[in-house]
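So that the names make sense, note that chain A is the first sequence line, chain B the second, and so on, each numbered from 1. The structure displayed is predicted, hence computed values, not measured ones.
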2 protein chains.
Amino acid sequence: MTTMDHLPHVQSGPALLDALRRKILSEDVELGVPLSEAQLAQEFEVSRTPIREALRQLQAEGLVEIRSKVGTFIREPDHREMAELFQIKGNLEGLAAGLLAQRGPVSELEALQANIEDSERAAEAGDAELYSRLVHEFHWTIVQGADNRKLVEHYSRLMNQLAYHRLVRTSLQQKGRIRASTGEHERVLEHIVGKDSMRAEMTMRQHVASSAASTMNEIALREGA
Amino acid sequence: MTTMDHLPHVQSGPALLDALRRKILSEDVELGVPLSEAQLAQEFEVSRTPIREALRQLQAEGLVEIRSKVGTFIREPDHREMAELFQIKGNLEGLAAGLLAQRGPVSELEALQANIEDSERAAEAGDAELYSRLVHEFHWTIVQGADNRKLVEHYSRLMNQLAYHRLVRTSLQQKGRIRASTGEHERVLEHIVGKDSMRAEMTMRQHVASSAASTMNEIALREGA
DNA sequence: GTCTTCTGTGTTGTATGCAACATGAGGATG
DNA sequence: CATCCTCATGTTGCATACAACACAGAAGAC
């Protein structure tokens with residue numbers, strides 16, 4: 001391709017940002033180094049300008065790191081950062097669980113109950129893929145059920161930084177965790193249904209802490225190999 | 001100005017971003033509407049391109065809202081958003097206080113003690129300006145003392161969205177709050193020094209809730225006038 | 001008088017060209 | 001052989017030109 005033919009843009013502003021974010025969060029991109037603006041411009045069939053703007057936003061979101069005059073790199077949290085992010089994750093999800101407990105009977109409660117039942121079936125069937133998807137859905141449902149849009153916003157950013165999708169698969173390798181995790185989910189939901197905000201929060205927080213410990217342990221093992 | 005003379009830039013990338021953020025957070029900008037790219041470009045003596053990139057980042061931070069083909073506007077949280085943000089603020093600061101309590105004797109504890117003493121003097125002297133600055137410093141010291149960089153990062157974003165600087169002056173108009181606030185600070189510090197992580201967290205959270213309620217009440221009164 | 005339509009003006013959205021710099025490979029030098 | 005220097009190459013950073021659109025206000029129809 002030599003010159004842009006001024007054809008209609010395949011992806012415009014916000015759509016391009018989403019596409020780029022998905023591409024980065026997806027694991028189909030070389031983790032080491034690349035992400036050149038020109039290359040992305042070709043791939044998305046736009047000029048470098050909108051690509052640059054999108055990358056700047058992703059940098060503000062903590063997803064990439066732009067080293068001036070060098071290149072744009074996917075940001076990977078190290079052990080410390082991951083521990084820090086998990087700490088915040090537990091706190092925010094705890095807040096969400098507590099708020100949800102205070103809301104009374106809303107539709108999210110049924111969704112959570114159904115999720116737990118589906119999770120148990122998936123666990124028995126040994127469908128790890130489905131199970132991890134359900135776990136993700138459980139946590140996310142709680143956060144959205146808190147009825148706090150800003151919380152959803154900040155939580156979303158946090159999860160992006162964690163690159164959580166890359167971890168969930170890992171975290172469930174340990175067979176023992178699955179049963180424990182489901183049990184913890186049940187207890188969290190019990191406290192929520194019982195409108196026990198405090199216990200719901202604390203149980204949720206401990207659940208996240210356990211899950212985080214398991215995940216980070218698994219990652220350490222993998223890196224050691 | 002007609003053409004750029006290719007002189008050295010007065011403000012470059014990150015510096016420009018900071019300058020713009022300060023300008024927006026500072027109250028010297030018309031809240032209603034403006035923020036045209038061309039205008040900012042003239043003011044900072046750069047072309048529109050870096051201005052645009054900075055604005056996109058500020059949008060990602062939640063400080064401004066870019067309405068396509070219309071203009072860039074300073075984002076002002078409404079009542080609901082403010083309540084939501086305060087809820088998260090309390091939770092994050094609670095987390096920070098709890099973490100700080102677990103750290104043992106670090107330099108931040110002395111800083112907090114000194115801050116309380118200074119605050120009491122400022123309160124007696126009736127220096128509202130100094131007092132509000134010290135309150136801000138107290139909270140910020142706790143967050144930084146948690147030794148969690150990601151927490152600092154997310155907390156910073158949250159505070160920017162709250163446009164907290166515009167509120168602190170308001171929140172302290174109520175004379176009764178000053179004494180109560182200082183007392184709450186003291187109790188928080190007591191629990192931190194006593195390494196009582198749980199009580200430190202809860203006390204901090206309640207303190208933020210009280211402060212938030214007072215602030216939002218004051219704002220409601222002001223808007224009614 | 002009211003509603004509709006149209007056009008002017010200002011804004012952002014994008015493409016492109018060029019300058020500045022970081023980096024690494026290769027040769028010159030001791 | 002080691003070290004430093006030079007420069008070729010690729011990248012981002014910025015300035016500019018132009019296109020596309022939103023909105024308001026005026027002109028026109030009824």
Can a donor-acceptor pair be found between the side chains of A:Q161 and A:E81 at a distance below 3.5 Å?
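No, because no side-chain N or O of A:Q161 sits under 3.5 Å from a partner of the opposite role on A:E81.
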Under 4.0 Å between a side-chain N or O of A:S68 and OP1 or OP2 of D:dG13?
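So the side chain of A:S68 is within the cut-off, an N or O lying under 4.0 Å from OP1 or OP2 of D:dG13.
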Under 4.0 Å between any heavy atoms, over every strand shown, what does B:R67 touch: base, sugar-phosphate, or nothing? Just pick one.
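Result for B:R67 = sugar-phosphate.
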Please classify the nucleic acid contact of A:T49 as base, sugar-phosphate, or nothing, using heavy-atom distances under 4.0 Å.
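Base contact.
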How close or far is atom [atom2] of [N] from atom [atom1] of [X], stated in whole angstroms?
X     : N      : atom1 : atom2 : answer
A:L40 : C:dA15 : CG    : P     : 14 Å
B:E45 : D:dG13 : CD    : C1'   : 18 Å
B:E37 : C:dT12 : CD    : P     : 4 Å
B:R48 : D:dA19 : CZ    : C1'   : 12 Å
B:Q42 : D:dA15 : CD    : C1'   : 15 Å

Hey, is [X] close enough to [Y] for a salt bridge, meaning N to O under 4.0 Å?
X      : Y      : answer
B:D147 : A:R80  : yes
B:K150 : B:E153 : yes
B:E201 : B:R205 : yes

Closest-nucleotide 5' rank along DNA chain C - winner of A:K69 and B:Q39
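Nearer the 5' end of the strand: B:Q39.
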Look at the rings of A:W140 and A:Y155 and say which category their plane angle falls in: under 30° parallel, 30 to 60° tilted, over 60° perpendicular.
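The rings of A:W140 and A:Y155 sit tilted, inter-plane angle from 30° to 60°.
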In terms of ring plane angle, is the pair B:H154 and A:H154 parallel, tilted or perpendicular, where the classes change at 30° and 60°?
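The rings of B:H154 and A:H154 sit tilted, inter-plane angle from 30° to 60°.
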Quick one, which residues of residues 51-58 of chain A touch DNA chain D with a heavy atom under 4.0 Å?
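Result for residues 51-58 of chain A: A:R52, A:R56, sorted by number.
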If you check the A:V70 side chain, which of C:dA22, C:dT12, D:dT12 turns out closest?
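Of the candidates, C:dA22 comes closest.
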B:T72 side chain, from C-beta outward: closest of D:dT12, C:dT12, C:dT14
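Among the listed nucleotides, the one closest to the side chain of B:T72 is C:dT12.
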Is the side chain of A:S210 donor-acceptor paired with the backbone N or O of A:Q206 at a distance under 3.5 Å, no angle test?
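Indeed, once roles are kept as given, a pair shorter than 3.5 Å links the two residues.
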